[in-house]
Structures are given as C-alpha cells and as structure tokens.
Amino acid sequence: MARILIIEDEHALNDLIAMSVKMTGHEVIQMFNSSELSEVLLNNKIDLAILDVMLPGKSGFEIVTDITKYEIPVIFLTAKDNVADKVHGLNLGAEDYITKPFETIELLARINVVLRRRNKNTKIFILENLKVYLDERKVTLNDKIVELTIKEFDILELFINNKNIALSREHVIKSIWGYDFMGETRSVDVHIQKIRKKLLLENHLKTVYKFGYRLEVH
Amino acid sequence: MRFWHKTYLCILIIFLIAFDTGAYLLMQKAYDINEKSNTKSGISEFLAVSQITKISLSTYENHSDKDVLPLLKSIAENYRQQDIYMEFYEDNTMLFSNFLEFSDDRKELKSDNISTVYRTINNKFYLFTSGKLENNRYTLVIIRNSDFLIKYYNELLQYFIIISIIISIILSVLLVLALLKLTRPFHKLNLVANEIADGNYNMFVEINSNDEIGEFAKTFNKMANAIAHHVDELKLSNEQKERFSNNLTHELKTPIATIKGYSELLCKANVTEEEKIKAYNYIYEHSLRLQNLTQKLMDLIYLQKETISIQEISVNYLFDEIIKLLDKNLKSKNINIEINISEDTILGDEILIQSLLINLVENAIKASHNGAKIVLCSRKPAIIEITDFGVGIPENEIKKITEEFYRVDKSRSRESGGIGLGLSICKQIMDLHGGNMNITSSVDKFTTIKLVFTTI
C-alpha cells in the first residue's frame with residue numbers, strides 16, 4: 001500500500017483518480033492547487049505524486065522539482081499531447097507522463113510500474129487466510145503453500161494490482177500472453193476456475209457478466 | 001575588390017598624376033628662370049668685353065689685327081681665371097681661342113646679332129655668347145661654364161622625387177584612415193542587416209551623421225522597425241491562436257476525460273453507493289459543460305461569419321425581456337435591478353443584443369453578493385451601462401478578459417459553470433455593431449461595462 005498525492009485542479013478528475021487509486025488499496029491525499037504543497041510534503045510521507053500540468057497559479061512544470069527533491073516519483077497528467085511537452089516533463093525529472101483522456105487501468109498500470117521501480121509496491125497481499133508473496137511468487141492458504149503455475153500466478157498478480165476493477169478477458173490475454181496470442185478467450189476462464197478452486201476465491205474473484213472478472217476486496 | 005580599395009586607388013592615382021605634373025612644371029620653370037639669368041650674365045659679359053675692346057681699339061688710329069689680338073689675349077687671360085673663355089674670329093677665320101677644340105655646327109657665328117647657345121662638351125655645360133664687333137669684321141665668342149645649371153636641375157629633380165615619395169606615403173596613410181572611417185557606417189549597416197537576416201528583428205543602426213549615409217541609416221532603421229513591428233504582430237497573433245487552441249483542447253479534454261473515466265469506473269469497478277452518486281453527478285455536470293461549450297463555440301463561429309440585420313430596438317423592452325429571462329437567477333441571489341432610461345432606442349440586431357445583455361447581466365449576477373443591486377441604464381448618445389457592486393476585476397486583468405477562455409478566477413468561475421467564452425462573444429457582438437465595450441472596475445467595489453453603440 002502506498003500513499004499517493006494527487007494535484008489536479010479539476011475536482012471531477014481529482015476525485016476520479018482518487019476513487020480508482022483507493023480501490024486498488026492505496027491511500028490518497030487530494031490537492032486542488034499548489035498553494036500548500038510544501039506543508040503537505042513536509043507533514044506526510046508520500047510515495048508517489050500525480051501532477052496536473054495546467055494548474056491555477058504555478059504550473060505543474062514549475063513545481064515538479066519541489067516534489068522530486070523529496071525523492072518522490074512524479075507522474076504528469078495533462079491535456080497537452082505533444083512530444084516536446086512530454087520530453088520537457090521527463091527532463092524535469094518526472095517518471096512518466098499520461099495524457100487526458102486516460103483509461104483508469106492505464107493510469108493504475110503506470111502507477112504500479114513506478115511504485116515497483118521505486119520498490120514501494122505492496123510486497124505481500126493478504127486477503128482473509130490467503131497470503132500472496134509477490135516478490136517470491138509464493139502463495140499460502142492457511143499458512144500452507146499452494147502451488148500455482150506461472151500463468152496462474154501472473155493472472156492473480158494482475159488482479160491484485162487492479163483490485164476492485166473489472167478486467168476484460170481480452171485485457172487479461174493482452175497483459176499475460178501478449179498481443180499476438182491467437183488462442184481463445186476461453187483459456188482465461190479455465191485459468192480463473194483453477195485459481196478460484198486452489199485459493200478458495202469463489203466469493204472474491206467474481207465474474208462480471210459479459211465482460212470479464214473482478215477481484216473484490218473491501 | 002572592396003569599395004574602399006577602389007576609392008583609395010582612384011584618389012591616389014589622380015593625386016599623384018596632378019601633383020607630379022604640377023611639381024614637374026614648377027621645376028622646369030625654375031630651371032628656365034635660372035637659365036635665362038645665366039644667359040643674361042653671358043650677354044652682359046659679352047657687352048663688357050666688346051666695350052673694352054672697342055675703347056681700346058679706338059685709342060689706336062688705323063689699327064690692324066696685330067693691335068687687336070694682344071689686347072684680346074690679355075683680356076681673355078683675365079677672364080680665364082673666372083672659368084670664362086673666348087674665341088675671336090675675323091670673317092669666319094679663327095684668330096684666337098683659349099677654349100678647347102671641338103666640332104659642332106656653330107650656328108651662333110652666322111647670326112648678325114648677339115646670339116646664345118648652350119652646349120655640352122666633355123661632360124661640361126657651356127654657354128656660348130657670340131656677336132659682331134667693328135663693322136661686322138670681327139666676331140667675339142664668350143664661352144661661360146654653366147655646370148651649376150645642370151647641378152641645380154639635378155638637385156631639383158632629386159628633391160622632387162623624394163618629396164613625391166614622402167607625400168605619397170603620407171597620403172596613402174591618411175587616405176586609408178579617412179576611407180576606413182567613412183566606410184565604417186556601411187560596415188555597421190551590413191552587420192545589423194545580417195543580424196536582421198538571422199532573425200534578430202529588434203536591431204537598429206546607430207549612425208548620427210547628417211549625410212547620405214545618415215539618411216540611409218534612418219531609412220534602414222525605419223525599415224527594421226517596420227519589420228520588427230510586423231513580426232511582433234505576427235508573433236502575438238500566433239501566440240493568441242496557440243493559446244486559443246491550447247485552451248480549447250483543455251476545455252474539451254477535461255469533460256471528456258471526466259465522462260469517460262467515471263463511466264468506465266461505473267462499468268468495471270466495484271464502487272460504493274456513495275461513489276456511484278458522485279460519479280453520476282460528475283458525468284451529468286460535465287456533459288452540460290460540453291453542451292455549453294459547443295453552444296458557445298457555435299456562437300463564436302456564427303458571429304465570425306454573420307452579417308447582422310440592424311433595426312431600432314426599444315431599450316425599455318430589452319431590459320424587460322432580460323429581467324424576465326433571468327428572473328430565476330436574480331431571485332436565487334435576491335438581487336434587485338435598478339433601471340435608468342434616458343436613451344429610448346438603440347440600433348442593433350435584436351437577438352444578438354439580447355444575448356449580449358444576458359451574458360453581461362449573468363456575469364454581473366455571478367459577481368454580486370447576495371442581496372446586492374445591479375444598475376442597468378441607458379444614456380445619450382446610444383450608450384448602455386451595466387453596473388454591479390460585487391467582487392470587481394483587478395486592473396491588470398481587464399485587458400485580457402475578452403480573450404477566449406480567459407478567466408479571472410479559474411476555479412471559482414468553473415464551479416459556477418463558466419467556460420471563459422462569454423465576454424469574448426460579447427466583444428464580437430459589439431465589433432459586429434461597430435461599437436465599443438469599455439470595462440471599468442475596482443476590486444471588491446464595482447464593475448461597470450459600458451456599451452457604446454453607433455448612432456448611424
């Protein structure tokens with residue numbers, strides 16, 4: 001679990017990011033302008049910042065170094081979609097860059113990549129009697145090791161990284177097997193069945209009708 | 001070859017020709033004068049000798065050659081001390097000579113009057129003066145050494161050459177300095193022109209002379225100024241366009257991102273009931289915002305193409321309509337409208353003027369505090385004023401306020417549903433009517449928007 005700072009002046013987008021991020025188990029701090037940034041940075045231990053470029057008052061480009069000097073990785077969020085701006089943002093020390101309109105899954109994936117790179121990602125996922133050690137790729141149920149195949153573990157990890165969010169079968173295939181996988185989406189169902197059975201996740205790894213699956217955690 | 005090289009060579013050549021010719025002629029003249037005075041001395045010596053001879057001869061009666069010859073010899077002996085020699089002839093037969101023997105055409109002997117000839121003999125220069133004595137029987141020739149003339153001439157020539165060389169050197173140096181100074185403005189102009197060619201448009205030349213170059217520099221500066229001005233204008237309009245497209249992108253992408261994001265969330269995520277309501281509200285709010293934005297953009301595009309139909313509109317009627325249309329907004333903030341009418345009609349397109357006033361009164365309501373008043377008044381000639389006593393506009397923002405997407409307070413205006421196009425639409429409407437929109441304001445006191453219509 002990481003603490004994520006969101007700086008975005010549009011309330012709607014700020015809330016949207018906050019909801020999605022919270023859903024995957026992270027904690028958020030929401031800011032709508034940069035006026036109290038230094039106090040927030042001093043008083044909280046922050047693992048990642050999502051920063052809008054077009055802010056009232058000082059722009060995101062102007063305040064990014066105030067954040068990166070605390071060794072906090074920054075993901076820029078902006079409507080500007082040109083290469084020069086991207087390069088400018090990355091040169092200023094940002095970890096990544098995402099343009100509006102963005103997909104929630106994409107944003108979450110990028111957050112995960114950055115957190116993993118900074119080694120700030122969740123290392124153990126605990127759900128009732130289930131423990132998933134993500135670094136060691138080990139799963140225990142009631143403290144007994146459960147053997148999963150490589151693909152089964154990859155799928156489980158994908159759902160852990162996108163807690164409470166429905167992932168389509170196509171998305172799972174794309175993420176696990178890659179773009180050029182020619183097989184049936186049925187193989188996703190087969191793997192999900194096996195995971196449910198092995199880990200007793202029937203009540204959590206739910207089917208979303210006509211779409212895919214969702215790992216529900218509250 | 002550079003311009004100053006050419007000028008330098010031309011001036012140097014012309015000067016040297018003129019100077020050398022003048023100096024040479026002067027030298028010749030000086031030599032001539034000296035030669036003439038030497039010839040005169042020769043003639044006076046001849047006259048003196050002939051006088052002495054004549055007087056001496058006259059002492060003898062019936063004198064013969066024998067008497068003359070010794071006398072002449074003694075005179076010649078005297079003169080010889082002074083490097084002057086004599087020859088004596090009787091009917092072209094030489095009687096006496098103390099000069100060297102030489103052969104030449106002795107044309108002076110043939111003349112009946114006194115005549116002079118210069119000859120060079122054995123590298124020495126002599127003046128021969130000859131004339132007749134005693135009834136033309138005798139001819140006397142006085143030979144005078146005139147080497148000093150040649151020496152004088154050579155000295156002059158040497159002096160002339162040295163002077164010519166020295167003057168050429170001094171002239172060259174001065175010319176180079178003068179030409180470099182004179183052509184420096186061209187160099188400067190060239191540098192500045194190059195700078196301008198490289199894109200530094202805010203350059204000018206500092207040349208303050210009153211000559212042709214100064215004039216040219218002035219014209220050049222005028223040109224550079226005009227270029228800089230045009231480039232600045234282009235830049236400004238480009239910047240404005242870029243700002244417009246950036247703002248438009250932002251205004252379009254934000255609601256789209258919101259709607260897309262929340263619908264995705266509702267579709268895929270396991271959201272709570274509370275979050276669901278929040279999401280629905282955001283989606284609704286932002287689709288309204290998009291609708292509003294498209295409407296306003298259409299208005300702007302429509303206004304840019306439209307020719308308007310102008311008619312007389314009753315101000316009273318206009319104000320009444322606006323109050324009716326905005327009744328809800330006014331009541332919600334408990335705002336009173338005060339009306340003063342002293343101009344009864346204005347000329348304009350009714351629909352456009354109405355939407356203009358609605359926009360402005362809406363702004364006034366947004367700026368006002370609860371329970372405040374708004375003053376609508378019409379004054380002669382063809383002026384409508386809208387005054388509110390709300391938050392006001394900072395002075396430095398007034399100029400930018402009619403630019404598309406410009407907002408004084410970004411977050412507050414967005415929360416109250418503004419998209420920053422209202423005032424630019426108002427300005428366009430006034431432009432279409434050939435009128436003016438003037439804004440005066442004081443922060444936390446008042447804002448007055450004065451619409452000046454044309455009367456014709």
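From a predicted model like this one, the values you see are computed outputs, not experimental measurements. Both backbone and side-chain heavy atoms feed into the values below; hydrogens, waters and symmetry mates do not. All chains are named by letter (A, B, ...) in the order of the sequence lines, taking the proteins before the strands, and each is independently numbered beginning at 1.
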| request: Pick one of side chain, backbone, both or neither for B:Glu264, based on which atoms fall under 4.5 Å of a heavy atom in chain A. | output: side chain

| request: Please assess A:Gln30 against A:His11 for the test side-chain hydrogen bond (donor to acceptor under 3.5 Å, both in side chains), listing each intermediate value before the final yes or no. | output: CA-CA 9 Å; A:Gln30 286 175 273; A:His11 282 250; over 6 Å; no

| query | How about A:Glu106: does its CD atom have over 12 heavy atoms from other parts shown lying under 6.0 Å from it? | reply | yes

| Where do B:Tyr284 and B:Arg289 land on the side-chain contact (heavy atoms from CB on, under 4.5 Å) test, with the steps shown first? | CA-CA 9 Å; B:Tyr284 180 68; B:Arg289 201 166 130 187; over 6 Å; no

| remark: Max heavy-atom pairs within cutoff under 4.5 Å with chain A, candidates B:Leu265, B:Ile256, B:Val271, goes to B:Leu265

| task | Let me know if B:Tyr262 has heavy atoms under 4.5 Å from chain A in its side chain, its backbone, both or neither. | result | both

| query | NZ of A:Lys198: more than 12 outside heavy atoms within 6.0 angstrom? | reply | yes

| note | Under 4.5 Å to a heavy atom of chain B? For A:Ile105 that would be both

| message | I'd like to know if the side chain of A:Asp9 and the backbone of A:Asn33 have a donor-acceptor N/O pair within less than 3.5 Å. | response | no

| What residue, out of B:Pro255, B:Ala257, B:Ala269, B:Gly261, has the most heavy-atom pairs lying under 4.5 Å from chain A? | B:Ala269

